[in-house]
Structures are given as structure tokens and as C-alpha cells.
Asker: 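Questions regarding the structure given below will be posed in turn.
Both ligands and their constituent atoms are indexed starting at 1 by order of listing.
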Amino acid sequence: MPRVPALRNRLKDTPVAGAKRVLLAAPRGYCAGVDRAVIAVEKALERFGSPVYVRKQIVHNIHVVSTLEKKGAIFVDEVDEVPEGSHIVFSAHGVSPAVVQGAADRQLDAIDATCPLVTKVHREAVRFSKQDFEILLIGHHGHEEVEGTMGHAPERTTLVNSPADVPNIVVNNPDHVVWLSQTTLSVDETMETVRLLRERFPNLQDPPSDDICYATTNRQVAIKKVAVEADLVIVVGSANSSNTVRLVDVALEYGAKAAYRVDYASEIQQEWLDGVVTVGVTSGASVPEVLVQEVLDDLADAGYGDVSQVVTAEEDLMFSLPKELRKDAEGNADERGLGGRVRQLDWQKNR
Ligand code: SF4
């Protein structure tokens with residue numbers, strides 16, 4: 001994304017009591033599911049031409065959405081806004097079977113970019129529902145992923161929005177309940193909710209594997225390590241990105257004196273830097289690295305040019321393209337693996 005020149009050098013290099021530095025959390029930014037979903041829209045546009053419709057934001061990042069809009073994607077809230085016979089992409093957050101049916105009813109050519117780790121939770125919901133479990137789904141009311149998961153077992157799922165909900169949950173058989181969760185929650189808060197649920201339902205069954213995904217977990221672990229040393233943490237990402245907002249919460253919980261979320265570097269306020277020696281920087285799982293680079297550029301203007309990366313994990317998970325896009329128009333296979341695209345940044349090249 002080209003930078004707006006007028007926005008450079010807004011931040012002043014004011015003296016502080018120590019050597020200014022940046023601790024850059026790793027992993028950060030794009031996860032494999034986001035990478036796959038964004039490439040799915042790009043590839044659909046290449047293959048079918050504009051417009052390609054996308055139900056909801058493909059991933060929760062305003063920069064990604066506006067970039068794809070410029071390339072010809074049209075974002076809609078529901079399938080009934082899409083002209084019959086069009087191409088539609090379902091977002092990384094997943095959809096309920098009712099949405100899939102709605103698209104089929106309109107003869108839409110659907111491309112399912114649901115993250116495979118969300119699909120895994122959908123399958124768990126279906127399986128436990130068939131076994132007559134009551135499902136306690138820990139997640140945020142109104143989040144698209146939660147709506148999609150609940151839609152796979154609507155009769156048997158109760159949403160647990162926060163630990164405060166636990167005393168009021170009503171189930172038919174307290175000995176046949178299982179908990180599942182949204183993939184992008186705070187690990188610590190979710191474990192606290194599970195602890196409270198287990199106090200109420202001692203025979204509560206766990207999911208077969210963690211529903212909170214590797215990317216959410218890894219980004220939280222990295223920012224915890226950064227936060228203990230940071231006077232200020234800047235989290236790049238959008239307000240509706242659940243995993244981004246959790247990174248702000250986790251940073252504050254783990255010792256950052258202040259933590260703010262920004263979509264763009266231009267939102268950083270001079271007063272946030274007053275007396276700050278160490279700035280921690282991270283980004284949510286739907287954030288392209290170029291936006292982090294811009295934050296680092298602005299911080300360098302303010303004297304924070306010394307950047308060290310704090311690495312707590314290496315990520316190598318890859319997904320294949322949605323099956324509808326694995327072959328091009330000539331029938332040639334595209335079996336490449338898609339992971340969080342790690343690009344070499346300017347600050348790395350110069351060091
Ligand atoms: S945050 Fe996790 S669940 Fe969501 S798209 Fe990324 S890998 Fe998939």
C-alpha cells in the first residue's frame with residue numbers, strides 16, 4: 001500500500017530516560033487461514049473477473065477489504081443481496097448450513113474460504129450434537145464465526161459469552177455436556193470460563209483438541225513476553241478483529257503500561273510516546289505486514305529505530321486452496337501450500 005507522504009514525520013523524537021527501542025513480537029500478522037482466504041478472493045477475481053461477491057468481510061481487516069474492493073470484490077452481508085448465478089466467496093470465519101443452502105437456492109457459485117480450523121469446530125459441533133450432547137460454545141455474541149458454528153447444531157448449542165454467563169446456564173442433562181470455543185479468544189479467559197463451567201458441570205467433556213487456534217495462541221504467547229518489558233504496546237489490526245482486540249487485553253494483563261490498537265500508523269498519537277523507552281509492536285492474524293512496517297517507520301521517526309524481534313514460535317502450517325479453486329480454467333492443478341506470508345521487511349534488510 002503506498003504511503004501518504006504527508007503523514008510521514010508526524011511523530012517527534014523527544015528525549016526519554018533511556019535508549020529507545022522496539023520489541024517486535026513474532027509470530028504476528030497473517031495466519032495460514034487468512035492467507036488462504038485472501039488468495040481465494042484474488043484467485044476468484046483472476047479466474048472469473050469482477051465482480052466476485054464476498055459474504056461478510058473476507059477477514060476482519062479494513063485495509064485487506066478495501067484493497068480487494070479496489071480489485072473488484074463486492075462485500076455483502078447476506079447471500080440474498082447477490083444477483084442469481086454470481087460467484088460468491090464465504091469468509092474465513094465460516095458459515096452455517098443455512099447460508100450454504102441460501103446460496104444454492106440462488107444458484108450462486110460458492111467458493112468456501114472457511115478456515116479449515118473453523119471447519120474442524122463445525123465438525124465437532126455436528127458430531128457432539130449427533131451424540132446428543134448439549135454444547136456450551138464459548139464465544140462472542142454476534143461474531144460471524146459463532147453464528148456459523150451455532151448454525152451447525154442450533155438446537156443443542158448454548159452460547160457462553162463470558163465467565164459471568166456461567167451461573168445462568170440451563171441444560172437438560174448436566175452429565176452430558178461438552179464445551180467448544182471460538183478460535184480467536186483469550187486463552188487465559190477461556191480456561192477460566194471452562195474452570196467455572198466444570199465447577200457447575202463436573203462431567204463436562206473437553207473438545208478432542210484445542211479450538212483456540214495455533215495462530216491466536218502463538219500471538220498471545222509472543223505479546224506476553226514483549227509486554228513485561230514494554231512501556232507501550234501498539235497492536236496493529238481492526239476493531240472487529242477478535243484476536244487483535246485480545247492482544248491489547250493480553251498486553252495490559254501481562255505488564256504493558258499502556259496498549260493501543262491501530263489500523264494504520266497514522267493513528268499513533270505523539271502523547272502515547274511521552275516518557276516511553278520500550279515500545280512493543282505486534283499485529284493480529286488478519287494484518288498484512290506492510291501495515292506493521294509503516295508503524296516501524298513512524299516509530300523510527302520518533303527515535304525508535306532500534307528494533308529487536310522477540311520470537312516465541314516458528315509457524316509452518318499451510319493450507320491448500322479452497323477445493324473450488326484448486327484447478328484453473330484449463331484444468332491445471334494448483335496444489336501450493338498457503339501459510340502466513342512472511343516477507344522480508346526493510347528493517348530486516350538493513351540489519
Ligand atoms: S485466526 Fe486461526 S482460525 Fe482464524 S483464520 Fe487464522 S488460523 Fe484460521
Asker: Under 4.0 Å from any heavy atom of T183, which atoms of ligand 1 are there?
Answerer: 3 (S)
Asker: Decide whether F128 and V177 are clustered together by the hydrophobic rule: side chain heavy atoms of Ile, Leu, Val, Met, Phe, Trp, Tyr closer than 4.5 Å, transitively.
Answerer: no
Asker: Is the backbone of I212 close enough, under 3.5 Å, to the side chain of T216 for a donor and an acceptor to pair up by distance?
Answerer: no
Asker: Tell me whether W179 is reachable from M150 by hopping between hydrophobic residues (I, L, V, M, F, W, Y) whose side-chain heavy atoms are closer than 4.5 Å.
Answerer: no
Asker: Look at C115 and state whether any of its N, O or S atoms is less than 2.8 Å from atom 8 (Fe) of ligand 1.
Answerer: yes
Asker: When K20 is tested against each of D13, D306, T278 for side-chain hydrogen bond (donor to acceptor under 3.5 Å, both in side chains), which residue passes?
Answerer: D13
Asker: Show which atoms of ligand 1 fall inside a sub-4.0 Å distance from at least one heavy-atom site of C213.
Answerer: 1 (S), 2 (Fe), 3 (S), 7 (S)
Asker: Any side-chain to backbone donor/acceptor pair from R261 onto V248? Under 3.5 Å, distance only.
Answerer: no
Asker: Hey, which atoms in ligand 1 end up nearer than 4.0 Å to a heavy atom of C31?
Answerer: 1 (S), 5 (S), 6 (Fe), 7 (S)
Asker: For ligand 1, which atoms sit closer than 4.0 Å to a heavy atom of Y214?
Answerer: 7 (S)
